[in-house]
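Structure below; questions to follow.
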Amino acid sequence: MAETHSLQDLRQAAVASKVFVQRDYASGTICKFQTKFPAELESRIDKQQFEETMQTLNNLYAEAEKLGGRSYLEGCLACLTAYTIFLCMETHYEKVLKKIAKYIQEQNEKIFAPLGLLLTDPIERGLRVVEITIFEDRSIGSR
Amino acid sequence: MPSGSMSGGVSGPTSPPQPTVPSRPLRPSRYVPVSAATAFLVGSTSLFFCFTCPWLSEQFSVAVPIYNGIMFLFVLANFCMATFMDPGIFPRAEEDEDKEDDFRAPLYKTVEIRGIQVRMKWCSTCRFYRPPRCSHCSVCDNCVEDFDHHCPWVNNCIGRRNYRYFFLFLISLTAHIMGVFGFGLLFILYHTQQLDRVHSAVTMAVMCVAGLFFIPVAGLTGFHVVLVARGRTTNEQVTGKFRGGVNPFTNGCFRNVSHVLCSSQAPRYLGRKKKAQTVSVQPPFLRPQLTEAQLAAKVLDNGIHGDLHRSKSSLEMMESQSADAEPPPPPKPELRYPGMSRGPAGHPEESSLLNKAPPTPTMFKYRPTYSSPGKNHTALTHAYANQMSRGDSLKESSSSLLQSSQQPGYRSEPSLDGCEVGGAERSGAERTGGGPGGPPASGIPGYSLGGRSYPSFSDPTVLTGGASRSSSVRSSHNAPPSEATTSTSYKSLANQTPPPGPRNGSLSYDSLLTPSESPEFESAAPEMPPGRPRAPGVGYSSPYLSAQIAQQREAELHQPSASSAVLLASPQHAVYLRGSIASPPAPPERERERLLHDSQPHHHHHHHHHHHHRPPRFSRPPLLSDSGPTQPSYPYRTRSTDTPLPPNTHPPRSPHPPPLGKSLSYSSAAAAEMQYRLVRKASASVGGGGIQAPKDEIQMKSYSRTNGQPKPPFTPSSPSHPVSVSTRPGQAYSSAGSSQSPAHKPGGGVKKVTGVGGTTYEISV
């Protein structure tokens with residue numbers, strides 16, 4: 001839940017519902033989320049915008065899971081140091097996850113929050129779903 | 001050590017709200033194998049270094065102990081990583097996530113991966129639909145991503161994150177054992193005159209230990225080399241998921257190997273620091289510009305959302321589930337979309353989902369995008385039908401089913417697996433035979449066909465008839481019980497161990513109310529009465545419904561043998577079901593099916609596993625259609641069904657084709673199932689009642705046969721993984737046997753094999 005209970009957050013809007021965008025397994029078990037526009041967001045956000053956000057996320061995850069020279073070198077180095085390198089170095093995937101977290105934060109601030117939505121980083125859900133919280137719109141003519 | 005996670009050094013969640021893995025009681029017996037393995041490894045190597053290496057380094061070169069030292073270090077590092085690293089445990093889903101997957105959510109969701117239908121099972125412990133290749137380990141009580149197996153020698157699950165280390169551990173251990181043995185032998189050969197010395201004795205002892213462990217370790221290593229090359233997990237191999245040969249997860253040998261060895265370390269899901277939400281969301285909110293179409297849709301939707309929300313969500317759940325269950329008869333078109341009669345202009349996206357159905361924005365509006373879009377609408381409608389307890393909703397669902405069944409798009413697709421001759425032929429025949437609304441042409445649901453999972457409802461008349469019947473049954477019978485049961489969430493039911501209710505086969509309300517959560521060995525489900533010409537694809541998720549329908553059907557169809565109520569679950573006889581599905585369109589198939597039906601009335605279970613009443617989560621809706629092989633897609637329908645067997649006397653329970661089924665169905669299973677079906681037929685003819693033994697044998701035989709490997713490949717693994725690997729098959733067999741035996745008793749109950757937390761071992765018999 002995005003709501004907290006500090007004073008300043010009391011003004012946070014109430015959560016109306018949550019939408020869960022599931023993984024898209026059409027290409028296997030690579031991390032990819034469905035870009036299909038959920039019906040519940042119909043009136044809240046542009047389809048285009050949403051799809052663009054999801055596509056960017058998918059691209060970032062693809063980059064994290066890429067089998068390239070970089071990940072191979074990382075593996076070799078880890079092997080040679082008896083995996084002690086993991087104590088000091090951050091893996092490639094983790095680096096990309098940080099990038100994704102930053103991206104989601106930025107999207108939330110710029111695009112989603114003004115529309116009364118909030119994206120939750122899927123890593124908190126085990127990369128199974130992207131949770132979009134829809135906030136109640138108490139303004140006139142809402143919904 | 002209880003599922004420790006070492007990567008990153010964080011063990012367990014740090015903040016209270018974080019979804020955590022519940023702590024389990026300490027079980028000392030879990031640590032015996034790992035302690036023994038560690039002791040042998042460290043002890044033997046130390047003795048080797050102390051007694052053998054000094055002489056070797058003097059005699060030959062200092063490189064000998066250095067090489068052995070490095071090798072040993074490598075073994076230890078990989079052993080530690082395999083032991084302490086989080087294998088890829090999924091955190092429990094939070095409450096709000098499964099709100100939609102509520103009471104009537106189906107037990108399975110189907111998703112298409114590269115054209116192959118794969119089933120995702122609802123994990124009642126973890127509260128989500130297990131992603132493909134994920135499995136719940138009953139030892140660790142966690143769902144693990146890319147679950148390979150639970151290794152007792154490292155006392156940890158082997159999953160996505162630590163498979164690489166486990167694999168390297170095996171390889172390095174093999175090399176290390178060979179090195180120790182070789183150098184020890186060298187030592188002995190040079191000391192044949194001084195064998196009474198302590199050094200020689202110790203060296204010989206170390207050689208013995210090394211030689212003893214070499215065989216199982218090398219065997220297991222070879223086994224895993226093959227698995228890695230083929231892109232399979234131990235779980236998939238052991239349960240025979242890809243017997244037919246089509247593995248949707250493989251990318252070719254080189255890419256499979258590079259994925260295992262060279263991919264970046266996967267992140268852990270547990271124990272992550274939860275970022276505080278810094279973005280404040282406050283009204284007033286902006287609104288996007290609405291297009292004309294959206295406005296029109298909004299108008300149409302008005303007032304329907306709330307009413308249908310519940311059913312819709314359940315419907316959505318059901319759509320994939322229907323793949324496993326017998327789809328309910330297609331609802332009448334006009335009743336299909338409640339309240340939508342005025343709204344033909346639904347959302348363009350959604351209307352495209354159902355080719356011929358009027359667009360129903362409300363139907364899909366709340367559907368979470370679980371499965372690939374466009375594929376589940378039929379299932380959705382079916383699910384919807386299944387779930388409805390109210391009469392009108394049933395009608396709606398039936399009409400939707402009818403619609404979906406009539407959609408040509410869902411028919412047969414060419415089977416992806418070329419080797420599934422049987423399946424392909426069958427599907428081909430079905431295809432030709434069934435047009436939209438025709439007899440179960442849609443035939444075997446996707447299992448054999450590359451991408452479709454819900455073919456079954458092809459026969460509109462049967463379906464409609466069934467639907468109306470079922471609806472009446474449902475409303476009359478199911479309403480009260482369903483109310484009662486729905487009050488308890490399906491999930492909670494799923495989590496319970498079924499009470500020892502009346503399992504004597506009588507269709508009792510109590511038994512219906514007490515779904516049992518058992519692992520996938522549903523075996524207990526009674527077979528569908530043979531010869532039921534029911535159109536395939538008619539399935540209901542509600543056990544009540546199925547029971548009623550089964551009873552009605554029995555009456556109608558005057559089955560020779562008491563047909564087990566559809567209620568009962570399910571056994572997974574996809575093969576059988578598939579065959580029966582195709583009956584109308586393919587006369588030859590029909591004959592075969594008839595024969596099969598007659599001989600093995602239990603086959604219907606496959607689709608009717610939804611023995612439990614409502615909560616689809618528990619079990620797949622028992623196939624209402626008696627023979628209705630509608631469900632074909634999954635060979636491994638396992639859900640246990642506690643529903644009591646109807647007073648049926650089916651002697652043979654449908655043996656599950658593959659000995660260990662999984663919740664995932666693959667098109668390759670079709671061919672395998674065909675084989676089993678024939679095998680079973682033979683076995684069934686042997687004797688009605690006591691089929692247990694032969695069935696098990698046959699299953700095991702077929703298992704080993706279809707496994708694509710001779711038995712030997714498993715023997716090496718068994719010593720090394722006596723608990724982890726072999727238990728599974730063993731358990732599968734035993735569960736199959738045990739589950740089957742009760743079923744075989746006249747009106748016997750269903751035996752469930754449950755793991756911890758009600759999860760199964762991912763293998764269904």
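The chains referred to below are lettered A, B, ... by the order of the sequence lines, with proteins before strands, and numbering in each begins at 1. Atom set for the values below is all heavy atoms of this structure, side chains included, hydrogens, waters and symmetry mates excluded.
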What part of A:Leu67 lies closer than 4.5 angstrom to a heavy atom of chain B: side chain, backbone, both or neither?
-> side chain
Crowded around A:Lys95 NZ? As in, over 12 foreign heavy atoms under 6.0 Å?
-> yes
Run the numbers on A:Glu65 and B:Arg160 for salt bridge (charged side-chain N to carboxylate O under 4.0 Å, His left out), then give the verdict.
-> CA-CA 13 Å; A:Glu65 297 188 343; B:Arg160 178 181 175 193; 3.3 Å; yes
Chain B heavy atoms under 4.5 Å from A:Leu117: which part of the residue, side chain, backbone, both or neither?
-> backbone
Between CD on residue A:Glu124 and NZ on residue B:Lys273, distance to nearest 0.5 Å | 12.0 Å
Can we say B:Arg164 and A:Glu74 salt-bridge, meaning some charged N sits less than 4.0 Å from an Asp/Glu carboxylate O?
-> no
Output yes when a side-chain donor or acceptor of A:Ser71 lies under 3.5 Å from a complementary backbone atom of B:Cys262, and no otherwise.
-> yes
If you measure from the Lys or Arg side-chain nitrogens to the Asp or Glu carboxylate oxygens, is any gap between B:Arg272 and A:Glu94 under 4.0 Å?
-> yes
Report the distance from atom OH of A:Tyr72 to atom CG of B:Leu261, rounding to the nearest 0.5 Å.
-> 8.5 Å
Quick one: what part of B:Asn251 sits under 4.5 Å from any heavy atom of chain A, side chain, backbone, both or neither?
-> neither
Begin from the C-alpha positions of B:Met81 and A:Phe86 and carry the test side-chain contact (heavy atoms from CB on, under 4.5 Å) through to its verdict.
-> CA-CA 11 Å; B:Met81 292 297 266; A:Phe86 287 140; 3.7 Å; yes
Report yes if the side chains of A:Ile123 and B:Pro267 come closer than 4.5 Å at any heavy-atom pair, otherwise no.
-> yes
Grab the two heavy atoms, one from B:Phe90 and one from A:Gly126, that are nearest each other, plus how far apart they are.
-> CE2-O, 3.2 Å
Would you mind checking which part of A:Glu136 comes under 4.5 Å of any heavy atom in chain B, side chain (CB onward), backbone (N, CA, C, O), both or neither?
-> backbone
Audit row: A:Arg128, B:Phe128, side-chain contact (heavy atoms from CB on, under 4.5 Å) steps and yes/no = CA-CA 9 Å; A:Arg128 289 181 298 106; B:Phe128 54 75; 3.0 Å; yes
Point-to-point distance, once rounded to the nearest 0.5 Å, from OG of A:Ser27 to CD1 of B:Ile113 = 9.5 Å
Pick one of side chain, backbone, both or neither for A:Ala64, based on which atoms fall under 4.5 Å of a heavy atom in chain B.
-> backbone
Honestly, the part of A:Val96 sitting under 4.5 Å from a heavy atom of chain B is neither
In terms of the angle between their ring planes, are B:Phe74 and A:Tyr83 parallel, tilted or perpendicular, with boundaries placed at 30° and 60°?
-> parallel
